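The structure appears below as structure tokens.
Here is how names work: the chains are called A, B, and so on, in the same order as the sequence lines, proteins then strands, and each is numbered from 1. Just so it is clear, the model here is predicted, and its values are computed rather than measured.
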Amino acid sequence: MQKYDPKAIEARWQRVWEDERAFYVDNPAPGEEPAGAYYMLEMLPYPSGNLHMGHVLNYTLGDVVTHFQRRNGKWVLRPMGYDSFGLPAENAAIKEGGHPREITERNIVSIERQMRRLGWAIDWDRVIAAHDPAYYRWTQWLFLRFLERDLAYRKESPVNWCPNDQTVLANEQVVDGRCDRCGAEVEARKMEQWFFRITAYADALLRDHELIDWPERTKTIQRNWIGRSEGAELLFRIDDLDVDVPVFTTRADTVFGATFFVLAPEHPLVDTMIERSPNGAELDEYVRKSAAKRGEERATAEEKTGVFTGFFATNPATDARIPVWVADYVLMEYGTGAIMAVPGHDERDGAFAARFELPVKQVVDEEQGVLVGSAQFSGLPVEEGLAAIVAWLGERGRGRPAVSFRLRDWGFSRQRYWGAPIPVVYCPDCGIVAVPDDELPVLLPEVEEYRPQGKPPLASNEEWLRAPCPSCGGEGTREADTMDTFVDSSWYFLRYCDPHNDEAPFSRRLADFWAPVDQYIGGIDHATGHLLYSRFFVKVLNELGMVGFREPFQRLFHQGWVRQGGTKMSKSRGNVTAPDELAEMYGADAVRLYILFVGPADQDMDWTEEGIEGVGRFLRRLWRIVHEAAAADGGSGDGGPLVRKAHETIARVSDDIGRRFVFNTPIAAVMELVNELGRDPSAPGARFAAETAVSLIQPYAPHIAEELWEALGHSRLWEAPWPAADEAQLRRETFELVIQVNGRVRDRVQASTAETEDELVARAKASERVQAQLDGREIRQAIVVPGKLVNLVV
RNA sequence: GCCGGGGUGGCGAAACUGGUCAUACGCGCCUGACUUAAAAUCAGGUGUCCCCGCAGGGGGCGUAAGGGUUCGAGUCCCUUCCCCGGCACCA
């Protein structure tokens, strides 16, 4: 027996797999699509540095599933790619001082080397990278389809501006008022931006949750983010301005209690009011001050602030003239940017009324749950009253049922260099003109300075910027903003299905064959970003007839965070442990095994190298014991304890991976089997037990498994069918009967599975130890759990 | 504040649908074997308190705290405490 030398055998098998193209999968020919396609996918990495243990967890998980499904007869697609555009890669380049393309491509080479070192079963023929013109050509092409359908549009809007990264951020990229990437405080600015009309799909995004098998908490996060509220839109008239101002409310039942009216400082009417109001100057100052405040500051302000505008609105229910205020507790982003204030029944309005001594009117008897002081509606239960009031206001043309969402349209233009150019030309005569499909890709131009300077870097290349209008041929200007990299990652899973297609982003046949993704694995931090955007994209592609499904990811699993010293592991924090170094020290198999053995995969963990020695020890033991069992060959051992243990282990491991989707306990189960085998490697059934252990550990530790499989006289374990537990071998003739008295275990005896309940009870009563416990007391009841226990109640 | 998830040995964690003295598997630690020695390896031990002089065995208490349901609760219900995550002036 040779010494276990992980480095040598890992290199050997990685070469064999590559030579034999073991994990490459061909696309089926038209009409020959087989059943049993399985699409396994993990979120693709940003090539912003090297891999860390979080990646190792993510991709090893996917690898175990890949091997398991392959060996269960599935035709498994398991591709890999790089989210190589965008801020993470660009910031890495800025830090290292090179061109983003050079740095990114260097990182990709390094990451691929690390991935290969860990032995992941990846189809390397399907690799894609967002920054590859052959890829972003189709990102641009898809953008044009959205543009045609008016699902991409441009408008001036207040945006989140990161003063450090010098770019606009999506709402999803602002966390607690700070830039998700660099932590700088985000400012509010008004700019022309590109948006995707994801709000048009808000209902579909909610409804189709029922089509997918996702963690409930992820769906909840998305549901909260979309924030659907049912209510009504009511019109309040401001006579002096001759306008009807709509408000959204979920509490139309309280309209009789609306004693004042509030506009957000950003509300379009406020400008007019500043001009015409006697206290316009004060109003103006207030608006300016709130604009300077960050959202967070506004939200946490202890006291409500506001200014009376001098105008009055008419309550459509009472016809009362109520004062119009401007206050920053009303948000322009939600509803209509204006509210009817009901201080009697809304905490915030109440606080505002108290501060500025505004009238308060009770219109709901909270105890009885009925309306009061609401004219003909008084006495009605709240729900009934609400419906009646909306109907009544509807008849008078002052209201209608309405639904409001928290979700905003997705702003995807970025004033940055490292992204896909947005393929449009601005023409003085024709306006926004799409670059024709056959002129794609609009290549990312070279620029003198790609670092952000406050204006889009692309605009500095004037030669590139000037372009003829595709429509009239006149002089036009290219769009200098680039796309958010979340656009790239909203459809990459479809490109993997057909990665070399140069006539379309992908063929519908191949997309429908492989997708939707059967099992997706990635961080929950993408719940309101990537995971929402991809769903939106697929819904649009479905309507365009490009795919036959409405959801991209059928099953979703979130791996936990790998932390170090309590902080999230990431390149930017510099607290990384290089996986390839660990693989050099302990072997890739040990690293893979350890990251999954250390705890449940969906649970956060604090990274520690303590314990990796333990799985190293296990692998060396496995090596020795399997060799001993192979040499000794103790016979079949059918029906014996070792063979039964092996079958039990098969059943446990298969159920854990296949049904429960847990990955730490199967390792423990195989360890148990090896421990039992190790007690006597020449015992009857030892060979079968050894083969079983090797076969079951293969998804986790594929290199050593192949080597040992050979030592056992076989070849190509990666292609061998997954073992099946034999029911006959699992069946027991005897079992250990647990005897309890009043629920406490007092004895155990061997009993036959054939015995009747009465016989088992008789056995229990016969036990000496039970007799001692009973001490002459009378047995009132006997509970029998067949095959397990008898409980005597005295 | 609201909505999730969780609290089990010195540590990472098992116990999947209430049913094998809870703590599998691994780490750490202790003892022994091998060795000149160490490492490695192998064998054994390792919740806690108490009792029987020892060997060996017996018993009580133990899954954040308290209560409940049940023949039987880590698992179900109620109350409280603590930790983690998401949302939060959303009208």
Legend entry - Spacing of the P atoms in B:G74 and B:C16 (rounded, Å): 12 Å
Inset, instruction - Check the angle between the aromatic planes of A:Tyr334 and A:Phe248 and answer parallel, tilted or perpendicular using the 30° and 60° thresholds. - result: perpendicular
Legend entry - With sequence neighbours excluded, residues passing ring-ring contact (aromatic ring centres under 6.0 Å, His included) with A:Tyr4: A:Trp623
Inset, instruction - Using the P atom on both, measure B:G4 against B:G9 and round to a whole Å. - result: 27 Å
Inset, instruction - Remember a base hit wins even if backbone is also touched, and classify A:Gly227 as base, sugar-phosphate or nothing at under 4.0 Å, heavy atoms. - result: nothing
Legend entry - Atom pair distance, as rounded to whole Å: CG in A:Asn224 and C1' in B:G85: 13 Å
Legend entry - Sugar-phosphate only, base, or nothing, as touched by A:Asn675 at under 4.0 Å among non-hydrogen atoms: sugar-phosphate
Inset, instruction - Rounded to the nearest angstrom, tell me the gap between atom CD in A:Gln222 and atom P in B:G86. - result: 15 Å
Legend entry - Distance in angstrom units between A:Ile221 CD1 and B:A88 P, rounded: 11 Å
Inset, instruction - Please state the C1' separation for the pair B:A37 and B:G28 - nearest whole angstrom. - result: 24 Å
Legend entry - Under 4.0 Å protein heavy-atom contacts per nucleotide of nucleotides 6-20 of chain B, with B for base, S for backbone only and - for none: ------BSSSB--BB
Legend entry - Closest-nucleotide 5' rank along RNA chain B - winner of A:Arg746 and A:Asp349: A:Arg746
Legend entry - Residues which pass salt bridge (charged side-chain N to carboxylate O under 4.0 Å, His left out) with A:Glu230, listed by chain and number, not counting sequence neighbours: A:Arg228
Inset, instruction - List in chain and number order the residues that pass salt bridge (charged side-chain N to carboxylate O under 4.0 Å, His left out) with A:Glu210, two or more places apart in sequence or in another chain; answer none if no residue qualifies. - result: none
Legend entry - P atoms of B:G26 and B:U46, separation to the nearest Å: 15 Å
Inset, instruction - From the options B:C89, B:C3, B:A91, select the nucleotide whose nearest atom is closest to the side chain of A:Asp346. - result: B:A91
Inset, instruction - Looking only at non-hydrogen atoms, find the nearest pair between A:Pro699 and A:Val64 and report the distance. - result: O-CG2, 3.6 Å
Inset, instruction - Report, as yes or no, whether the 6.0 Å neighbourhood of atom CD on A:Glu366 holds more than 12 heavy atoms from other residues, nucleotides or ligands. - result: yes
Inset, instruction - Would you sketch RNA chain B in dot-bracket for me? Only Watson-Crick or G-U wobble pairs with both distances under 3.5 Å count, crossing pairs as [ ], other-strand pairs as |, the rest as dots. - result: (((((((..(((......[.....)))((((((.......))))))((((((...))))))..(((((..]....))))))))))))....
Protein N or O to nucleotides 73-77 of chain B N or O, pairs below 3.5 Å:
none

Inset, instruction - Not counting sequence neighbours, which residues clear ring-ring contact (aromatic ring centres under 6.0 Å, His included) with A:Phe597? List them please. - result: none
Legend entry - C1' atoms of B:A39 and B:C49, separation to the nearest Å: 39 Å
Inset, instruction - For A:Lys645, enumerate each residue passing the salt bridge (charged side-chain N to carboxylate O under 4.0 Å, His left out) test, keeping only those at least two apart in sequence or located in another chain. - result: A:Glu672
Inset, instruction - Rounded to whole angstrom, note down the P distance from B:G45 over to B:A55. - result: 15 Å
Inset, instruction - Identify whether any heavy atom of A:Val330 sits under 4.0 Å from a base atom; if not, whether one sits that close to sugar-phosphate; answer base, sugar-phosphate or nothing. - result: base
Inset, instruction - Could you pull out all residues at least two apart from A:His647 that satisfy ring-ring contact (aromatic ring centres under 6.0 Å, His included)? - result: A:Phe688
Inset, instruction - Indicate yes or no for a side-chain donor-acceptor contact from A:Asn791 to the backbone of A:Ile783 under 3.5 Å, with no hydrogens or angles considered. - result: no
Legend entry - d(CG, A:Leu619; P, B:A40) in whole Å: 17 Å
Inset, instruction - Have a look at B:G9 and give me syn or anti from its glycosidic angle (syn if within 90° of zero). - result: syn
Inset, instruction - Please report, rounded to the nearest Å, how far the C1' atom of B:G85 is from the NZ atom of A:Lys219. - result: 19 Å
Inset, instruction - Using ring-ring contact (aromatic ring centres under 6.0 Å, His included) as the criterion, list what pairs up with A:Tyr329, not counting sequence neighbours. - result: A:Phe352
Inset, instruction - Please measure how far the P atom in B:U23 lies from the corresponding atom in B:U80, and state the result in whole Å. - result: 33 Å
Inset, instruction - Return the minimal non-hydrogen interatomic distance between A:Phe260 and A:Ala353, and the atom names on each side. - result: CE2-CB, 4.0 Å
Produce the list of close N/O pairs, under 3.5 Å, pairing protein atoms with atoms of nucleotides 41-45 of chain B; give distances to one decimal.
{"unit_1": "B:U41", "atom_1": "OP1", "unit_2": "A:Arg620", "atom_2": "NH2", "d": "3.3"}
{"unit_1": "B:C42", "atom_1": "OP1", "unit_2": "A:Arg624", "atom_2": "NH2", "d": "3.2"}

Inset, instruction - Rounded to whole angstrom, note down the P distance from B:C11 over to B:A64. - result: 14 Å
Inset, instruction - For A:Ile524 and for A:Arg217, find the nucleotide of RNA chain B with the closest heavy atom, then tell me which residue's nucleotide is more 5'. - result: A:Arg217
Legend entry - Under 3.5 Å: donor-acceptor pair, side chain of A:Gln603, backbone of A:Pro600: no
Inset, instruction - Give the rounded distance in Å between these two atoms: CD1 of A:Ile697 and C1' of B:C25. - result: 12 Å
Legend entry - Length of the line joining A:Tyr329:OH and B:A88:C1', which is rounded to integer Å: 17 Å
Legend entry - Aromatic A:Trp214 / basic A:Arg223 pairing, under 6.0 angstrom, 45° off normal: no
Legend entry - Donor-acceptor pair, side chain of A:Asp213 and main chain of A:Arg555, under 3.5 angstrom: no
Inset, instruction - Kindly write out the residues that satisfy salt bridge (charged side-chain N to carboxylate O under 4.0 Å, His left out) with A:Glu333, not counting sequence neighbours, or none if the list is empty. - result: none
Legend entry - Protein-nucleotide distance (A:Asp602, atom CG; B:G5, atom P), rounded to Å: 13 Å
